[in-house]
Number of protein chains: 2
Amino acid sequence: MTPPTLTIGEDNLTERQRAVLDAALGLLVDGGDGLTMTGVARRASCSKETLYKWFGDRDGLLTATVQWQAAKVRMVPVDRETLTAKSLAIALEKFGRDLLSVLAGDISVALNRLAVSHAGQEKRNLGAIVLENGRYAMGRRLKPVLQAGRDAGLLSFEDCETAFRTFFGLVVRDVQIRLLLGDRMELDEQTIAADARRAREQFFALYGA
Amino acid sequence: MTPPTLTIGEDNLTERQRAVLDAALGLLVDGGDGLTMTGVARRASCSKETLYKWFGDRDGLLTATVQWQAAKVRMVPVDRETLTAKSLAIALEKFGRDLLSVLAGDISVALNRLAVSHAGQEKRNLGAIVLENGRYAMGRRLKPVLQAGRDAGLLSFEDCETAFRTFFGLVVRDVQIRLLLGDRMELDEQTIAADARRAREQFFALYGA
DNA sequence: ATCCAGCCGTACCGTACGGTACGGTTCGGT
DNA sequence: ACCGAACCGTACCGTACGGTACGGCTGGAT
């Protein structure tokens with residue numbers, strides 16, 4: 001009877017509900033279509049009535065699914081202890097690798113496709129959620145590192161936001177849009193590591209003090 | 001009776017057909033939904049039967065619409081005559097401005113959203129078309145300039161593709177994905193010009209000879 | 001033992017939309 | 001003047017899917 005909770009996290013979800021959301025994620029990954037209420041109910045072996053009771057409507061289910069996935073990929077924050085040129089470089093490069101790995105993953109691609117689709121149809125909440133837990137979460141995670149790097153005299157920039165966006169651009173480049181559009185890119189671990197390394201080198205060339 | 005032509009361009013389309021495709025584009029821009037066969041027929045004041053006769057099915061109409069828009073935005077190629085450091089910089093900066101302007105436009109956003117949506121559902125042709133006329137067309141357009149810059153001793157890079165992708169990243173950064181996800185960014189001419197200028201400066205810092 | 005809440009499975013409804021059929025109209029060719 | 005092709009408008013059909021209703025099962029509380 002009660003509408004679904006406003007924010008979905010790891011808590012306020014029962015084990016069964018998480019299983020349902022995982023089913024929705026699975027359904028989403030292999031072919032964005034097929035993600036129907038009936039499909040989710042069948043895949044999760046639950047009834048549609050339960051889905052509506054738990055999540056309100058289809059949008060609620062989708063929202064919960066996105067938030068559930070976001071809750072799962074909480075990245076460990078980069079620690080800014082013992083900051084040297086080398087440790088900063090390592091942190092940046094690892095951040096780049098993590099970012100590319102996540103972005104190139106099936107779930108991220110499928111989720112972003114879903115959110116992009118819905119962003120074009122009034123109900124923009126999915127897009128906002130993905131933005132908040134994707135792009136903006138990345139910024140909040142890396143900016144302290146950049147600040148620390150500047151405080152330690154290792155980096156030089158005026159606007160932290162601009163510096164982050166540049167790093168983002170150097171790392172991601174055309175990868176995400178190409179993947180979203182269905183381009184078959186080979187992005188094995190080797191390539192990702194090389195890309196992150198190049199991005200790190202270029203970023204230091206631009207912002208190194 | 002005949003299936004729709006394989007490739008749609010400025011020719012092999014009657015004036016009426018272009019008007020119909022423009023109606024579809026307009027419908028697409030203001031709210032991705034509403035782009036139904038009935039909606040297009042109503043907006044274009046034509047019959048659904050005509051739509052099906054001309055374009056085969058809904059996918060054919062969408063494909064034709066995308067190709068029609070692509071045919072309209074043929075960018076003028078950058079001329080590589082009298083290449084100096086200054087003219088190269090101007091060319092790069094103008095390219096960046098054009099790229100950002102197009103990407104931030106309503107039509108581009110709507111079109112990319114449509115293509116991204118369809119890329120997640122087998123029928124990947126729309127994504128491929130947008131990729132071909134978007135990202136890849138940009139590469140084909142800028143690469144000769146980069147090559148000329150290298151030949152003139154103004155730029156230094158090994159892989160032209162990598163250099164282009166870096167420039168792309170420096171220009172676009174997180175703009176496209178944020179727009180696709182519904183982020184309300186203020187991208188006036190001032191901002192675009194500043195972004196292109198910064199990208200050009202950074203690119204020269206990285207690849208200038 | 002009884003009861004009740006929660007849930008599964010299935011059937012069902014309404015609507016939206018892709019696709020088809022058809023009558024009526026316009027218009028160029030002969 | 002006549003004919004046929006192309007096209008408009010509208011009605012229609014089938015299906016897919018969001019959402020609801022309901023009967024039956026299970027498991028824990030009393």
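These values consider heavy atoms only, across backbone and side chains, with no hydrogens, waters or symmetry-generated copies. Letters A, B, ... mirror the listed sequences (proteins, then strands); counts begin at 1.
Axis orientation changes by 0° from one end of the helix from C:dA1-D:dT30 to C:dT30-D:dA1 to the other, with each end axis drawn from 5 pairs and the value rounded to 10°.
Nearest-nucleotide assignment on DNA chain D puts the 5′-proximal partner with B:R16, out of B:K48 and B:R16. The nearest heavy atom of DNA chain D to A:E49 and to A:L35 marks one nucleotide each, and the one closer to the 5' end goes with A:L35.
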* Report the C-alpha distance between A:R141 and A:D98 in whole Å, list the side-chain angles of each, state the deciding distance to 0.1 Å, and finish with yes or no for salt bridge (Lys or Arg N to Asp or Glu O under 4.0 Å). => CA-CA 12 Å; A:R141 186 183 164 213; A:D98 289 351; 3.7 Å; yes
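Side chains of A:D59 and A:T63: a donor-acceptor N/O pair is absent below 3.5 angstrom, by distance only. When only modelled atom types and interatomic distance are considered, B:Q202 and A:Y207 share a side-chain donor-acceptor pair under 3.5 Å. Of the N and O atoms on the side chains of A:D183 and B:Y136, at least one donor lies less than 3.5 Å from an acceptor on the other residue.
One distance of note links OH of A:Y52 with CG of A:L61; it measures 9.0 Å at 0.5 Å rounding.
Using cut-offs of 30° and 60° on the angle between ring planes, the pair A:F95 and A:F167 is tilted.
Counting 5' to 3', DNA chain C first comes under 4.0 angstrom of a heavy atom of chain A and last does so at the ends given by C:dC7 to C:dG9.
By the 4.0 Å N-to-carboxylate-O rule, A:E189 lies too far from A:R97 to be salt-bridged with it. Salt bridge A:R43/A:D30: present, at least one basic N to carboxylate O contact under 4.0 Å.
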